There are 2 protein chains.
Amino acid sequence: MVRTTPKPAVDDLDLATVLHALGDPVRLELVRRLATDGEVGCGAPDLCVPKSTLSNHWRTLREAGLTSTRIDGRNRWMTLRRADLEARFPGLLDAVLAVSAPAGH
Amino acid sequence: MVRTTPKPAVDDLDLATVLHALGDPVRLELVRRLATDGEVGCGAPDLCVPKSTLSNHWRTLREAGLTSTRIDGRNRWMTLRRADLEARFPGLLDAVLAVSAPAGH
DNA sequence: CCCAATTGTTCGATAATCCCGAACTATGGA
DNA sequence: TCCATAGTTCGGGATTATCGAACAATTGGG
């Protein structure tokens, strides 16, 4: 009875991989929602992204070590691995999340 | 008589674009060298990367707004746009540069 | 000035990656 | 059991990355 999806250990987190995962507008938005909402489901109807694409984005985030996935019935709930990220890359996530608007006007 | 290559303005810097540029092992190494050496030339013989590929990596960094290019004869000298990056994304570059080894188990 | 060597960019073809609809799996409810 | 819901996986087409080869630009030597 699997309750969580496997994920890389803290020491295995690779900076380039993490930055690559963050270097996409959709995934960046997902990370922002994780940061504000705490735990979010897989679907994101307001983002105009098909569910197969979303699923791939979540996988990219998970495999990079950014998220942890809890399985509950037929839903998956994602959370940010804030403590792990802070331990491996101090200040990185905070700096990313502190950036306000995409660019300005 | 062109002395510098055009580059995006501070307000036009996009976080996803910057993170994408940083999310590559070779470009990350180039940024590290810029941070430690101040100004570096285009060539990097010790990295096993052909010069056309290196040229593309430098272009990616420049177009993302990470670097400034000064042209001197047949050489180009790249520098990090530290102040601009700090103004637009406070703490981001420092957090990236603070990460020591790739992973080191 | 002419030529050769040096530095780096651009072009083009192959390779790798990404996107997304369709099919599939799994779970829960009627 | 049958159907609806939630997500994953598969396959192909589109996009992007890589890198050798050709090209452009500058410098130094004769």
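The sequence lines fix the lettering, A, B, ..., with proteins before strands; numbering per chain opens at 1. On a predicted model such as this, the values are computed, not experimentally measured, just so you know.
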From CH2 of B/Trp77 over to C1' of D/dT26, roughly how many Å is that when rounded to an integer?
15 Å

When you check the phosphate oxygens OP1 and OP2 of D/dT16, does a side-chain N or O of B/His57 lie under 4.0 Å from one of them?
no

Euclidean distance, atom CG of residue B/Asn75 to atom C1' of D/dT26 [Å, nearest integer]
9 Å

Quiz question: going by heavy-atom distance under 3.5 Å, is there a donor-acceptor pair between the base of C/dG8 and the side chain of B/Ser55?
no

Can you tell me how far C1' of D/dG7 sits from CZ of A/Arg70, to the nearest Å?
16 Å

Give the rounded distance in Å between these two atoms: CZ of A/Arg59 and C1' of D/dG7.
12 Å

Winner on side-chain proximity to B/Arg76, out of C/dG8, D/dG7, D/dC19, is C/dG8

Does B/Ser52 place a side-chain N or O at less than 4.0 Å from the phosphate oxygens OP1/OP2 of D/dC19?
no

What's the closest nucleotide to the side chain of B/Cys42 if the choices are C/dG21, D/dT8, C/dG8?
C/dG8

Atom CG of A/Leu47 and atom C1' of D/dG7 are separated, to the nearest Å, by 16 Å

Grab the CZ-P distance between A/Arg27 and C/dT17 for me, whole Å please.
13 Å

Between C/dT7 (C1') and B/Arg74 (CZ): distance, integer Å:
7 Å

Could you give the CD1-to-C1' distance, from B/Ile71 to C/dT9, as a whole number of Å?
11 Å

